[in-house]
Amino acid sequence: MTTPIDLADYRRRVAELYFDIRCLAVSDPAAAWHHFRQGRDALFAGHPQTALTTDQRAGFSGLPYYPYNPAARVIASLEYAVKPELFEVELPDDGRLRYTRIARAHFAWAGRPAALSLFWIEGYGGGLFLPFRDQTCGQSSYGGGRYLYDTIKGADLGVTPTKIPLDFNFAYNPSCAYNARWVCPLAPEENRLDFAVEAGEKEFEYLGNWEQGTGNGG
């Protein structure tokens with residue numbers, strides 16, 4: 001049985017991990033990625049707020065990832081001339097999650113133009129949110145897609161008023177990828193990329209229900 005103190009501690013540790021990542025990535029993005037993997041594995045293996053069940057933790061040896069890919073780190077330009085559409089997802093334990101499109105992040109992938117929407121989670125404090133799906137989903141990565149940013153929970157690779165780093169090596173699964181305890185918001189249609197992103201976290205052994213707005217994990 002976890003407590004609010006456990007959750008607060010988990011979020012603090014994640015925020016500290018991402019602080020280290022941002023500092024390391026300035027000079028050595030690959031070292032930052034290795035530190036990211038080690039930090040997440042430690043949290044999943046030993047923290048009370050882990051997304052894994054007791055049985056899963058007993059056989060846990062680390063989260064699966066694609067090999068590190070320097071080309072998967074891109075710097076996107078932010079466009080703010082977007083319709084601030086509101087999205088809503090019902091979460092059984094947390095009520096209604098509301099998030100608003102605030103910008104489009106434009107970047108190039110293997111020489112082709114691409115874009116992802118950046119969202120703001122409404123409510124007290126708020127936070128940036130960037131989920132996505134790509135052509136690896138349901139194949140080698142989680143079918144419901146992955147996250148790059150969720151700053152409410154400390155997942156923050158850094159952003160300026162005009163640029164945002166999209167380092168897909170740090171793409172990670174929502175908690176619903178691991179077991180049916182969780183319910184998570186997933187990427188809307190506009191954040192579904194029509195190419196494969198073979199970088200970041202791969203599919204875990206558990207497959208949940210990954211329809212939009214369902215699937216357990218946040």
Side-chain angles (χ1 to χ4, degrees), residues 11 14-15 17-19 21-22 25 29 32-33 36 40 51 65-66 69 71-89 91 94 97-109 113-123 125-137 141-177 182-202 210 212-213 215 217-218:
R11 290 184 176 179
V14 171
L17 176 62
Y18 273 84
F19 174 79
I21 289 166
R22 292 192 299 273
W33 178 71
F36 169 75
R40 275 177 56 80
Y65 289 82
Y66 295 97
N69 180 6
R73 177 180 172 83
V74 298
I75 305 299
S77 298
L78 289 173
E79 174 201 358
Y80 293 100
V82 298
K83 180 181 178 181
E85 183 177 355
L86 178 68
F87 296 79
E88 297 184 329
V89 178
L91 302 179
D94 299 319
L97 175 70
R98 302 164 67 247
Y99 56 98
T100 303
R101 181 192 306 118
I102 60 167
R104 286 284 280 175
H106 295 273
F107 61 101
W109 184 268
L116 290 168
S117 289
L118 181 64
F119 303 95
W120 182 258
I121 297 176
E122 304 294 344
L128 297 175
F129 181 48
L130 201 165
F132 74 96
R133 295 191 200 185
D134 68 278
Q135 294 302 298
T136 68
C137 291
S141 72
Y142 176 54
R146 294 175 285 172
Y147 294 172
L148 273 177
Y149 282 78
D150 185 357
T151 63
I152 285 180
K153 297 181 179 177
D156 183 358
L157 296 172
V159 62
T160 73
T162 59
K163 305 288 185 181
I164 184 169
L166 303 180
D167 192 334
F168 291 94
N169 292 291
F170 294 90
Y172 68 94
N173 293 335
S175 298
C176 48
W182 310 97
V183 173
C184 54
L186 304 176
E189 186 68 32
E190 65 198 72
N191 273 22
R192 299 184 183 189
L193 300 171
D194 63 357
F195 51 84
V197 178
E198 295 182 332
E201 190 175 354
K202 300 176 75 173
W210 50 268
Q212 171 64 33

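Every value quoted in this text rests on a predicted model; they were computed, and no experiment measured them.
When every heavy atom of A72 is checked against every heavy atom of N169, the shortest pair comes out as CB-ND2, 3.7 Å. In this structure, A76 and L166 approach most closely via the heavy-atom pair CB-CD1, 3.7 Å. Of all heavy-atom pairs between V74 and F107, the closest is CG2-CD1, 3.8 Å. Nearest heavy atom pair, residue I164 against residue G158, reads CG1-O, 4.0 Å. Pairing each heavy atom of P161 with each of L78, the nearest pair is O-CD1, 4.0 Å.
Applying the side-chain contact (heavy atoms from CB on, under 4.5 Å) test between P131 and each of P188, S117, P185, P174 identifies P188 as the sole match.
Using a 4.0 Å cut-off between a side-chain N of Lys or Arg and a carboxylate O of Asp or Glu, E79 and R104 do not qualify as a salt bridge.
Scanning for salt bridge (charged side-chain N to carboxylate O under 4.0 Å, His left out) contacts around E122 gives an empty result, with sequence neighbours left out. By the side chain to side chain contact (heavy atoms under 4.5 Å, CB included) test, A32 is found to be paired with I21, L24, A25, F170, residues two or more places apart in sequence or in another chain being considered. The ring-ring contact (aromatic ring centres under 6.0 Å, His included) search around Y66 returns none, not counting sequence neighbours. Under the salt bridge (charged side-chain N to carboxylate O under 4.0 Å, His left out) criterion, R98 pairs with E88, not counting sequence neighbours. Residues passing the side-chain hydrogen bond (donor to acceptor under 3.5 Å, both in side chains) test with D134, sequence neighbours excluded: T136, R146.
For the atom pair CG of L148 and CG of D156, the computed distance is 11.5 Å after rounding to the nearest 0.5 Å. Between atom OH of residue Y18 and atom OG1 of residue T151 there is a gap of 11.0 Å, rounded to the nearest 0.5 Å. To the nearest 0.5 Å, atoms CD (Q135) and CZ (R192) are separated by 10.5 Å. For the atom pair CZ (R101) and CG (N191), the distance works out to 9.0 Å, reported to the nearest 0.5 Å. A distance of 13.5 Å separates CZ in R22 from CG in D167, rounded to the nearest 0.5 Å. Expressed to the nearest 0.5 Å, how far OH of Y149 lies from CG of L116 amounts to 11.5 Å.
A 4.5 Å side-chain heavy-atom check between L186 and V89 finds every atom pair outside the cut-off. Side-chain contact check for I102 versus V82: every heavy-atom pair is 4.5 Å or farther apart. Contact annotation: the side chain of F119 never approaches that of L130 to less than 4.5 Å [non-hydrogen atoms, C-beta and beyond].
The distance between the ring centers of F129 and Y147 falls below 6.0 angstrom. Remark: aromatic rings of F36 and Y172 are distant, center separation not under 6.0 Å.
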Exercise answer: donor-acceptor pairs, residues 195-202 side-chain atoms, under 3.5 Å, sequence neighbours excluded:
{"unit_1": "E201", "atom_1": "OE1", "unit_2": "R40", "atom_2": "NH2", "d": "2.8"}
{"unit_1": "E201", "atom_1": "OE1", "unit_2": "N173", "atom_2": "N", "d": "3.0"}
{"unit_1": "E201", "atom_1": "OE1", "unit_2": "Y178", "atom_2": "OH", "d": "3.2"}
{"unit_1": "E201", "atom_1": "OE2", "unit_2": "N173", "atom_2": "ND2", "d": "3.2"}
{"unit_1": "E201", "atom_1": "OE2", "unit_2": "Y178", "atom_2": "OH", "d": "2.6"}

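In this pair, F87 and Y99 present their aromatic rings parallel. The plane angle is below 30°, not in the 30 to 60° band.
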